[in-house]
Amino acid sequence: MNGTSDILIIGGGIIGLSIAIELKLRGADVTVISRNFEEAATNAAGGMLAPGAERIPSGAMFDLCWRSLDLYPEWISKLEEIAGKNTGYWPCGILTPVCDLEPGEKSQFKNANCQWLDRDSIHQRQPGLNSEVIGGWWYGKDAQVDNRLLFATLQEAAKLLKINLIAGIVGEIIEEKGRVKKVKSSGGDLSANSYVLAAGSWCNRLMSVPVIPRKGEMLSLIVPQKYLEKREEGNIDWLPLKQVLYGKDGCYIIPRLDGRIVIGATSEDVGFSNGNTVAGIQTLLGKAVRSYPVLKDFKIDELWWGFRPATPDEMPILGYSDRSNLILATGHYRNGILLAPVTAMLIANLIGAKHSDPLLDAFDYSRFAR
Ligand code: GLY
């Protein structure tokens, strides 16, 4: 099949689909090609929306992350309405329990986005924590979304909006006079006026971008029957864990509204090495049970892994490439789910309204050449 559209997006994960939907809603004719719509990092993520708990330092990345968090409620309402689906968006806040306070930690991290809780307050807020917890940080603005539900919502919205979704492998990007002329794919040649490369960790198979896969192993548990029996729609009282726990050891424990608990994630430089490892899962379970011992009686539900698209400075690459009609939207690393709405808005402005937000300057790919 050969085809032409206004905009061709290479990559059907959360970033590609979010951009496609934003452009389509503004009237563009959009095609998305993805090697496997189910393999995207989106499905593997934890869905934390955590600019606070991830301790993003001030600067452009901080501004980008907080701007995206602000966009979330409205963006989610819009998508849920289009698709008629629920995404599990939950502004539940994130708690970082602390057993040993480092010298200067209290003054270093105290800011408008987090609050120190003393021993009594933290155990009151979340019963069942390790008794050695002496206090902790409360990130009340941080939130979560069920990334798999969000992904299903984006896919449904894309279908209902009649975005052309093609499952196929892009083999080569063909250029002529500094522009992309077409892409060769397993489904035939595809051409467009503008192209967006949003293929996450797989981008550097198509062009030279400094994005490498950083593997994350994860698992989920299911809360015991005694809790599930008390389950009530629209009420969280029955859940043993009522906010995300995010340890200073990097382990996070995310309660879902359906009774699953997601635990993540390792961070491994092993290329595209598939599969869960004993060491990875053992490390995660050890950290999670230490932080929240109640988990030791919960049943294991599922194990999985994914590949975060990492750049050398851990910031995304957003904006035009050195091909005048090719835009890059990749390298979101640990924050792809969080950054989807702002990425969609900024890239749609760049293509549709030809407006380059000054915030994009810090994310230009040319920073790596400097
Ligand atoms: N956003 C958390 C992670 O990448 O593991």
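- The NZ atom of Lys296 sits 13.0 Å away from the CG atom of Leu221 when rounded to the nearest 0.5 Å.
- Using a 4.0 Å cut-off between charged nitrogen and carboxylate oxygen, Glu172 and Lys184 do not count as a salt-bridge pair.
- No hydrogens or angles considered: nothing links the side chains of Trp304 and Asn276 as a donor-acceptor pair under 3.5 Å.
- Taken together through direct or relayed side-chain contacts under 4.5 Å among Ile, Leu, Val, Met, Phe, Trp and Tyr, Val145 and Leu339 form part of one hydrophobic cluster.
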Pair Leu284-Thr266, side chain to side chain contact (heavy atoms under 4.5 Å, CB included): steps then yes or no: CA-CA 7 Å; Leu284 291 174; Thr266 61; 4.1 Å; yes

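- When the side chains of ILVMFWY residues are joined at heavy-atom separations under 4.5 Å, either directly or via intervening members, Val30 and Leu161 end up in a single hydrophobic cluster.
- Between Trp75 and Tyr72, the ring planes lie perpendicular to each other; the angle is over 60°, past the 30° to 60° tilted range.
- Stacking of Lys248 on the aromatic ring of Trp137 is not recorded, the 6.0 Å distance cut-off and the 45° axial limit not both being met.
- To the nearest 0.5 angstrom, Arg26 atom CZ is 8.0 Å from Met345 atom CE.
- Between the Asp142 side chain and the Ile94 main chain, no donor and acceptor come within less than 3.5 Å of each other.
- If you check the side chains of Arg55 and Asn113, you find no donor sitting under 3.5 Å from an acceptor.
- Ionic pairing of Asp258 and Arg260 is present here: one or more N-O contacts between side-chain nitrogen and carboxylate oxygen are shorter than 4.0 angstrom.
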Working for side chain to side chain contact (heavy atoms under 4.5 Å, CB included), residues Leu328 and Tyr320: CA-CA 6 Å; Leu328 301 170; Tyr320 276 98; over 6 Å; no

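- Distance check: Lys242 NZ to Cys92 SG gives 12.0 Å after rounding to the nearest 0.5 Å.
- Between Asp100 and Glu132 the shortest side-chain heavy-atom distance does not fall below 4.5 Å.
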Trace of the salt bridge (charged side-chain N to carboxylate O under 4.0 Å, His left out) decision for Glu22 with Lys78: CA-CA 11 Å; Glu22 190 60 35; Lys78 179 172 72 179; 3.1 Å; yes

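- Between the side chain of Lys299 and the backbone N or O of Val223 there is no donor-acceptor pair closer than 3.5 Å.
- Looking only at distances, no side-chain donor or acceptor of Lys215 sits under 3.5 Å from a matching main-chain atom of Gly306.
- At distances below 3.5 Å, not a single donor-acceptor pair connects side-chain atoms of Arg179 with backbone N or O atoms of Glu175.
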Side chain to side chain contact (heavy atoms under 4.5 Å, CB included) between Lys182 and Leu190, intermediate numbers included: CA-CA 6 Å; Lys182 62 181 177 182; Leu190 300 168; over 6 Å; no

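- One finds no salt bridge joining Glu314 and Arg334 here, because no Lys/Arg side-chain nitrogen approaches an Asp/Glu carboxylate oxygen to under 4.0 Å.
- Across Ile254, Thr96, Leu95, a single residue satisfies side chain to side chain contact (heavy atoms under 4.5 Å, CB included) together with Val244, and that is Ile254.
- Between the side chain of Thr153 and the main chain of Glu80, no donor-acceptor pair closer than 3.5 Å is present.
- Between atom CG of residue Leu350 and atom OG of residue Ser356 there is a gap of 5.5 Å, rounded to the nearest 0.5 Å.
- Listed for the Lys354 side chain is no donor-acceptor partner under 3.5 Å among the backbone atoms of Asn349.
- In the displayed structure, Glu74 atom CD is contacted under 6.0 Å by at most 12 heavy atoms of other residues, nucleotides or ligands.
- Using a distance-only test at 3.5 Å, with no hydrogens or angles considered, a donor-acceptor pair links the side chain of Ser77 to the main chain of Pro73.
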From CA spacing to verdict: salt bridge (charged side-chain N to carboxylate O under 4.0 Å, His left out), Lys162, Asp29: CA-CA 9 Å; Lys162 302 210 175 346; Asp29 164 33; over 6 Å; no

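- The structure places CD of Glu217 at 4.5 Å from CD of Glu268, a figure rounded to the nearest 0.5 Å.
- Within a 6.0 Å sphere centred on CZ of Arg290, heavy atoms belonging to other residues, nucleotides or ligands number 12 at most.
- By the rule that hydrophobic residues join a cluster once side-chain heavy atoms approach within less than 4.5 Å of another member, Ile281 and Met218 end up as members of separate clusters.
- Val270 and Leu219 fall into different hydrophobic clusters, where Ile, Leu, Val, Met, Phe, Trp and Tyr are joined by side-chain heavy atoms under 4.5 Å apart, directly or via other members.
- A donor-acceptor distance shorter than 3.5 angstrom exists from the side chain of Asn204 to the backbone of Val211, with no hydrogens or angles considered.
- The environment of Asn235 atom CG is dense: over 12 non-hydrogen atoms of other residues, nucleotides or ligands sit within 6.0 angstrom.
- Salt bridge absent: Asp189 and Lys181 never bring a charged side-chain N and a carboxylate O closer than 4.0 Å.
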Chi angles and distances behind the side chain to side chain contact (heavy atoms under 4.5 Å, CB included) call for Met48, Glu54: CA-CA 10 Å; Met48 276 191 303; Glu54 286 274 356; 4.3 Å; yes

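- A salt bridge links Arg256 and Asp146; the closest N-O separation between the charged side-chain nitrogens and carboxylate oxygens is under 4.0 Å.
- A donor-acceptor pair is defined here as one N or O able to donate and one able to accept, closer than 3.5 Å; such a pair exists between the side chain of Asp118 and the backbone of Ser121.
- A side-chain donor-acceptor contact under 3.5 Å links Arg367 to the backbone of Asp364.
- From Ile300, atom CD1 reaches atom CG of Leu285 across 5.5 Å, with rounding to the nearest 0.5 Å.
- Residues Pro316 and Leu64 are in side-chain contact: their nearest non-hydrogen atoms beyond the backbone lie under 4.5 Å apart.
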